[in-house]
Structures are given as C-alpha cells and as structure tokens.
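FYI, side chains are in, hydrogens and waters are out, and symmetry mates aren't considered; it's all heavy atoms of this structure.
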Amino acid sequence: QAAFRSDLARLLELVGTGKESLSFMKKRIRHLAQQWLRAARRLEQKLKGRQRDQKHILVHIGFLTEESGDVFSPRVLKGGPLGEMVQWADILAALFLLGHSLRVTVSLKELQSNLGVPPGRGNCPLTNPLPFDLIYTDYHGLQQMKQHMGLSFKKYRCRVRVIDTFGTEPAYNHEEYATLRGFRTNWGYWNLHPSQFMTMFPHTPDNSFMGFVSEELNKTERQLIKSNKVGSMAVVYGKEASIWKLQGKERFLAILNKYMEIHGTVYYETQRPPEVPAFVKNHGLLPQHEFQQLLRKAKLFIGFGFPYEGPAPLEAIANGCVFLQARFNPPHSSLNHEFFRGKPTSREVSSQHPYAEDFIGKPHVWTVDYNNSEEFEAAIKAIMRTQVDPYLPYEYTCEGMLERIHAYIQHQDFCTTTSPPPPPRAKSPAMQSPPSVLALSPNATHLVWSPSASRDPHAWPPVDSLQVWVSETRHACTETCRRHGLVCEPTFFRFLNKKEVFLQLSITCDSTEYEMNHLYPAVAENVHECYLQKEPLLFSCAGHNSKYRRLCPCRDYREGQVALCRDCV
Ligand code: UDP
C-alpha cells in the first residue's frame with residue numbers, strides 16, 4: 001500500500017548534486033513544496049483511503065547523462081531550455097508524494113548498477129529480475145537501456161514510460177510500418193504501446209498526457225495581483241537573444257511600443273544583446289520565482305513564435321497576464337519546419353502554443369496574424385481594455401497532476417495483454433463476428449455502449465463512456481471527437497474494429513479487409529470499401545486522408561482534466 005508523503009526532504013536528497021540542472025530542479029521542488037503538500041492532502045481526502053499499490057520506480061533522466069552529451073546542464077544559467085527540467089522536477093515531486101519508492105539516476109553508471117548490469121558488461125540479459133515496476137525515462141534513456149539490457153529490454157520494455165515533450169504518433173512508433181511507409185525518424189520505431197509515451201501538453205490522445213504544474217494563487221494573492229497590475233507593461237516570451245532575430249518584428253514591435261512598455265528576460269553575459277532593441281527593458285535571465293514576480297505585474301505576455309509549447313505562457317496566464325501569440329498559417333510541422341523535422345509526429349502546430357489557443361482561448365489567449373498590422377494593433381487595444389483574472393486549468397495544478405499520475409499508475413498496464421485475439425488471416429466474409437456490444441444512439445447518428453452489454457469492471461477507462469463517430473474525410477479522430485465535445489480514446493479502438501460496426505452505422509461495405517494502416521478502421525465511401533485494423537499497435541487517433549472516413553472511438557472527459565473520463569479515478 002502506498003501512503004501519501006507529507007515531507008519532500010528525502011526527495012531532495014534522492015535528486016543528488018553536481019549539475020546546474022539538478023540545482024534548478026531542487027530549487028523548484030523546494031519553492032513549490034507547500035503547494036504540493038496541500039494538493040497531496042486534498043487528493044488523499046478525495047480518494048478516501050482507496051487501496052493504492054506502492055510501486056518501485058526508477059527515474060532515469062537520460063538527457064542529463066554525460067553519455068548523451070548533456071547539452072542542457074551548462075545552459076541552465078545561460079538562457080537554454082528549462083521546460084524539460086520543470087517537467088522532471090514536477091514528475092519527481094508527484095511520484096514521491098504519491099508514496100512510491102523512488103530511485104533517481106542521471107548517469108549510465110548509476111543506471112547500470114540499478115538495473116543490475118555488472119560493470120563492464122554491456123548488452124547482456126539481466127541475471128536477476130528487474131527490481132522496478134516502472135521506469136520513467138526519455139528517448140536518450142531508452143536507447144541506453146536497450147544497449148545495456150540485451151534481450152531483457154524486450155521483456156521489460158512494457159514497464160517503461162517515456163517522457164516525450166512533443167509526442168510520438170503510432171505510425172512513427174511501429175517499426176515495420178514506419179519503415180515501409182516513410183514514417184521512420186531518428187526517434188520513433190520503438191514498438192512500444194503509444195500510451196507509454198507521455199507528453200508535456202495533451203497533444204494527441206494516442207500518448208498519455210503527463211504535463212507539469214504552475215504556481216497557484218490563493219484569494220489574497222489574486223486580489224493583490226489584480227490591484228498591482230501595470231496595465232501598460234508587456235513581457236516578451238523567450239530567454240535567448242535569437243528569438244529577437246525574427247523577420248518583420250520591427251513592424252509589430254513598433255506598434256506594441258506605441259501602447260506599452262516592453263520588458264524582456266533575455267540572457268546576456270556582460271553587454272546588452274545587440275538583437276534586443278534599445279527601447280526594451282531587459283532584465284536578463286531571471287531566477288524562476290523572480291520571473292513569476294515580473295509576470296504578476298505585467299498585463300501582456302507576448303510570443304514571437306519561438307520557443308514552441310513551453311511552460312511559460314501557462315505561468316503568465318496563471319499570474320493574470322493575457323498571452324498574445326502569432327497564428328501560423330500554414331501550420332508548422334515536421335514536413336515544413338526545421339525544429340519539428342525528424343520528430344516522430346505529423347501534428348500541425350497552428351500557433352506558438354496550441355494548448356493555450358485551443359484549451360484556454362480568449363480572454364486569456366489571443367492568437368492573431370502578426371503580418372496583419374491592423375489585426376495586431378486591434379488586438380493590443382482590445383487587450384488593454386480587457387480585465388482578466390489569473391487562470392490555471394485544473395490539469396496544471398499540483399492536485400490535477402497528482403490525480404492524473406495516480407490514475408495512470410493504478411490503471412495503465414502494458415505488460416498484461418488484454419487485447420482481443422488477433423484478426424483472422426483470411427479475408428473476412430466467412431468470419432463470424434462476436435455479439436455486438438455497441439448500439440445505435442437514440443438519434444441514430446453514432447454508436448454508444450449497449451446498455452445490455454456487461455462490462456469488465458477492471459477495464460480502464462470504463463467502456464460505458466465510449467461513443468463511436470464516423471469522421472469526415474480529411475479529419476483525424478482527434479478532430480472528430482473534439483467537434484462532438486469529446487476526446488478520442490485509443491484504448492476503445494478494439495471495440496469498434498469489427499465488421500458488424502460498419503453495418504450498425506449503415507455503412508455499405510462491398511468488401512472488408514484487415515490491413516496495417518494507422519487510419520483504420522475506416523471506409524473509402526465512394527467505392528464502398530471497408531477496412532479493419534490488423535495491427536493493434538497502429539490504432540491511432542491522429543492521422544487523416546482525403547480517401548477515408550474513419551471510425552472514431554470518443555469518450556467524455558472531466559472539465560479541466562482531459563486525460564481522465566468522468567468515472568476514471
Ligand atoms: N524562466 C525562468 N527565467 C526567465 C524566464 C523563464 O526561470 O527569465 C522559466 C519559466 O518560469 C519556465 C521555464 O523557464 O518555467 C521554461 O520556460 P519556456 O516556456 O521558455 O520553455 P523552454 O523553452 O525553456 O523549455
């Protein structure tokens with residue numbers, strides 16, 4: 001049984017010393033300690049003493065190992081990326097507070113000794129059983145484990161969780177398919193279950209949404225912030241001088257400068273970075289809590305288009321700023337932008353921070369065309385007239401993150417296979433389908449879980465939240481479910497990957513075939529060809545094609561906690 005912890009001191013010892021990145025993470029854990037502890041008490045009360053298994057967990061932060069080059073640690077104080085460290089610090093705090101037994105490693109040597117690989121011996125199966133129920137790592141760590149565990153890697157990979165900022169879509173994860181169909185990248189093709197990848201934002205429901213936390217405010221702090229806001233103060237998003245090199249920035253900066261005093265937090269050594277115009281008040285890179293103080297005063301946090309999808313806009317919104325960002329038209333993706341090239345996803349990024357755009361929106365978030373001076377100026381004027389309250393979605397509070405990780409740990413199991421038997425090799429007409437568990441909805445537009453069907457009480461998420469919708473051509477299931485106020489749930493694909501489901505939806509199939517394709521189950525409507533999925537690892541919420549209408553498994557979700565359905569905790 002796992003018992004909630006009431007003190008973070010032991011965790012700070014576990015994290016170790018000797019790297020700037022570790023100091024940053026520890027500072028963050030210390031700074032947010034009270035907030036974490038309060039959240040843990042609240043979740044404990046909510047769960048009312050429910051049985052929770054204590055897991056033995058290894059946290060191996062691969063990108064901080066010397067063996068992977070550790071390019072991040074030396075840049076912590078120089079404006080380098082901090083988002084990953086923010087997230088790892090929060091993951092550690094959450095796992096620890098939930099009462100699990102933790103080991104933390106940031107070198108290959110420590111990894112080997114914890115896994116039980118004798119020093120000097122690589123690539124051999126482990127001699128003893130793996131002493132961890134779960135291993136949280138990243139792509140670098142995954143590679144190191146594969147290299148040093150020999151055949152045991154295959155045996156134990158179901159216990160791994162990969163912290164993967166931008167996400168890995170199923171088409172890129174399946175080695176054979178990725179190779180055959182041009183989805184092979186430097187990172188993907190691990191043949192893991194796609195939910196073993198855990199992202200920074202809820203990018204695609206194919207992966208699990210891990211997230212991070214932002215500082216929360218009490219009532220008094222909120223009042224204080226509101227009364228101390230400087231209505232004409234803007235802070236520019238970005239710590240590195242390079243973001244100021246953006247083409248065309250002179251035009252929109254001149255407009256902004258007409259209305260607001262512009263502040264920056266750009267790293268510099270001795271001299272003001274030449275890229276930053278003289279009218280900008282640059283504070284240099286600030287320690288995290290001072291950066292929060294600056295956000296508390298500012299009215300506007302403005303993005304120049306880079307970095308993509310970091311924590312700072314959420315912190316700004318949580319501190320009562322409006323976040324203004326550029327719309328990307330066409331959207332940025334691995335097909336057209338250097339930054340995303342080689343990343344195992346085809347996701348189209350429609351602005352600097354799509355989560356802020358789609359999940360938060362106005363009045364907190366304004367997404368506009370920066371090339372259109374009128375639109376830009378009108379937005380600035382409107383923002384200056386708008387009063388906003390600090391806002392933080394529940395999923396980015398400490399309680400929200402604890403609740404989510406708790407649910408994953410208790411329910412996600414990739415080691416025991418619960419999937420239905422593999423599809424038949426022969427073409428399907430002769431095949432007998434199992435009895436249906438889906439029924440047409442009262443308004444005959446989609447299928448719902450049949451009220452008479454018995455359900456497996458251990459299935460997670462519970463299947464009664466399932467609704468099957470047919471996508472438009474050119475729509476992914478992610479988009480289809482979203483349009484119905486739902487979220488795509490890949491674990492439910494197995495319930496609708498059946499010939500009879502087409503029939504129930506009144507879809508005419510002249511032929512039905514099982515094939516490997518990340519868009520299946522789907523129908524090519526004009527030719528009445530129906531397709532079912534042959535490879536469960538390829539079930540994918542992401543992906544669309546003008547030829548197919550896809551069968552999409554959607555479910556409800558909790559307000560502010562999209563990873564969990566209403567009955568999921
Ligand atoms: N940050 C900071 N000092 C600053 C500016 C930002 O400590 O002067 C922190 C901020 O609080 C956030 C983290 O940097 O938590 C990462 O923010 P960002 O969104 O810039 O993502 P990154 O590109 O660093 O991953």
Side-chain angles (χ1 to χ4, degrees), residues 55-70 84 88 91 95 100-165 167-180 183-199 206-208 210 342-344 408-409 412-419 422 535-539:
K55 305 284 184 190
H56 291 275
I57 299 179
L58 174 67
V59 177
H60 176 63
I61 314 180
F63 79 99
L64 293 184
T65 61
E66 298 302 325
E67 291 77 10
S68 78
D70 189 14
E84 279 80 357
W88 278 108
I91 292 169
L95 294 173
H100 299 293
S101 137
L102 286 194
R103 282 287 172 85
V104 186
T105 57
V106 291
S107 77
L108 187 57
K109 216 165 121 195
E110 295 168 302
L111 172 70
Q112 287 176 313
S113 93
N114 277 284
L115 294 177
V117 178
R121 254 190 57 193
N123 214 11
C124 287
L126 304 181
T127 33
N128 294 317
L130 183 73
F132 298 103
D133 304 304
L134 286 167
I135 300 179
Y136 288 79
T137 189
D138 52 18
Y139 266 125
H140 295 284
L142 200 58
Q143 188 69 48
Q144 291 169 348
M145 283 166 48
K146 187 178 174 192
Q147 258 166 24
H148 294 274
M149 286 168 76
L151 289 176
S152 302
F153 179 75
K154 216 168 178 179
K155 176 169 171 195
Y156 291 120
R157 67 183 172 186
C158 60
R159 301 192 191 179
V160 174
R161 306 292 181 266
V162 185
I163 304 303
D164 169 17
T165 308
T168 298
E169 289 176 359
Y172 294 80
N173 167 60
H174 189 276
E175 184 173 16
E176 184 191 342
Y177 187 72
T179 312
L180 285 172
F183 292 107
R184 204 171 163 113
T185 61
N186 295 341
W187 301 102
Y189 63 86
W190 284 89
N191 287 325
L192 297 182
H193 190 292
S195 307
Q196 287 176 263
F197 296 99
M198 305 189 122
T199 54
D206 295 312
N207 300 143
S208 301
M210 170 56 82
K343 296 205 167 35
Y408 290 153
I409 291 183
Q412 284 185 332
D413 175 2
F414 305 109
C415 294
T416 344
T417 28
T418 49
S419 17
E535 167 53 90
L537 273 187
L538 279 175
F539 283 138

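- Annotation: the span from Ile61 atom CD1 to His140 atom NE2 amounts to 12.5 Å, rounded to 0.5 Å.
- Contact of the Ile91 side chain with the Met210 side chain is registered, since non-hydrogen atoms from C-beta on lie closer than 4.5 Å.
- Heavy-atom minimum distance, Lys55 versus Asp133: CA-OD2, 3.3 Å.
- Ring pair Tyr139/Trp187 is tilted by interplanar angle, where 30° to 60° counts as tilted.
- Within 6.0 Å of the CG atom in Leu151, the count of heavy atoms belonging to other residues, nucleotides or ligands does not exceed 12.
- Counting heavy atoms from C-beta on, the side chains of Trp88 and Leu64 never come closer than 4.5 Å.
- The CG atom of Asp70 sits 11.0 Å away from atom OG of Ser107, with the distance rounded to the nearest 0.5 Å.
- Using a 4.5 Å heavy-atom threshold, the side chains of Ile57 and Ile409 count as touching.
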Verdict with reasoning, Glu84 to Phe63, per side chain to side chain contact (heavy atoms under 4.5 Å, CB included): CA-CA 9 Å; Glu84 279 80 357; Phe63 79 99; 3.7 Å; yes
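- Taking 4.5 Å as the limit, some side-chain heavy atom of Asn191 sits within range of a side-chain heavy atom of Arg157.
- Atom CD of residue Glu535 and atom CZ of residue Phe539 lie 9.0 Å apart, to the nearest 0.5 angstrom.
- Proximity of Phe153 to Leu142: side-chain heavy atoms (C-beta onward) are separated by under 4.5 Å at one or more points.
- For the side-chain contact (heavy atoms from CB on, under 4.5 Å) test with Leu58, the passing option among Leu102, Val160, Leu111 is Leu111; the others fail.
- The nearest pair of heavy atoms linking Cys158 to Lys155 is SG-O, 4.1 Å.
- Note that the CD1 atom of Ile135 and the CE atom of Met149 stand 5.5 Å from one another [nearest 0.5 Å].
- Nearest heavy atoms, Leu537 versus Leu192: CD2-O, 3.5 Å.
- Interatomic distance, CD of Gln112 versus CD of Glu110, reported as 11.0 Å (0.5 Å rounding).
- Residues Gln196 and Trp190 are not in side-chain contact: their nearest non-hydrogen atoms beyond the backbone lie 4.5 Å or more apart.
- Phe183 and Tyr172 have perpendicular rings, their planes meeting at more than 60° on a 0 to 90° scale where under 30° would count as parallel.
- Between Ser101 and His56, the shortest heavy-atom distance links the atoms OG-ND1, 3.1 Å.
- Ser68 is listed as a side-chain neighbour of Gln144, based on a closest heavy-atom distance under 4.5 Å.
- At distances below 3.5 Å, at least one donor-acceptor pair connects side-chain atoms of Asp138 with backbone N or O atoms of Gly62.
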Trace of the side chain to side chain contact (heavy atoms under 4.5 Å, CB included) decision for Leu126 with Tyr156: CA-CA 10 Å; Leu126 304 181; Tyr156 291 120; 4.2 Å; yes
Evaluation steps, side chain to side chain contact (heavy atoms under 4.5 Å, CB included), between Arg161 and Phe414: CA-CA 10 Å; Arg161 306 292 181 266; Phe414 305 109; 3.5 Å; yes
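- Under the salt bridge (charged side-chain N to carboxylate O under 4.0 Å, His left out) criterion, Glu175 pairs with Arg184, sequence neighbours left out.
- Looking at residues two or more places apart in sequence or on another chain, you find a side chain to side chain contact (heavy atoms under 4.5 Å, CB included) between Ser208 and Ser195, Met198, Tyr408, Gln412.
- Side-chain contact check for His148 versus Leu115: every heavy-atom pair is 4.5 Å or farther apart.
- Applying the salt bridge (charged side-chain N to carboxylate O under 4.0 Å, His left out) criterion to Glu66, with sequence neighbours excluded, gives Lys19.
- Across Thr105, Thr65, Thr137, a single residue satisfies side chain to side chain donor-acceptor pair (under 3.5 Å) together with His60, and that is Thr105.
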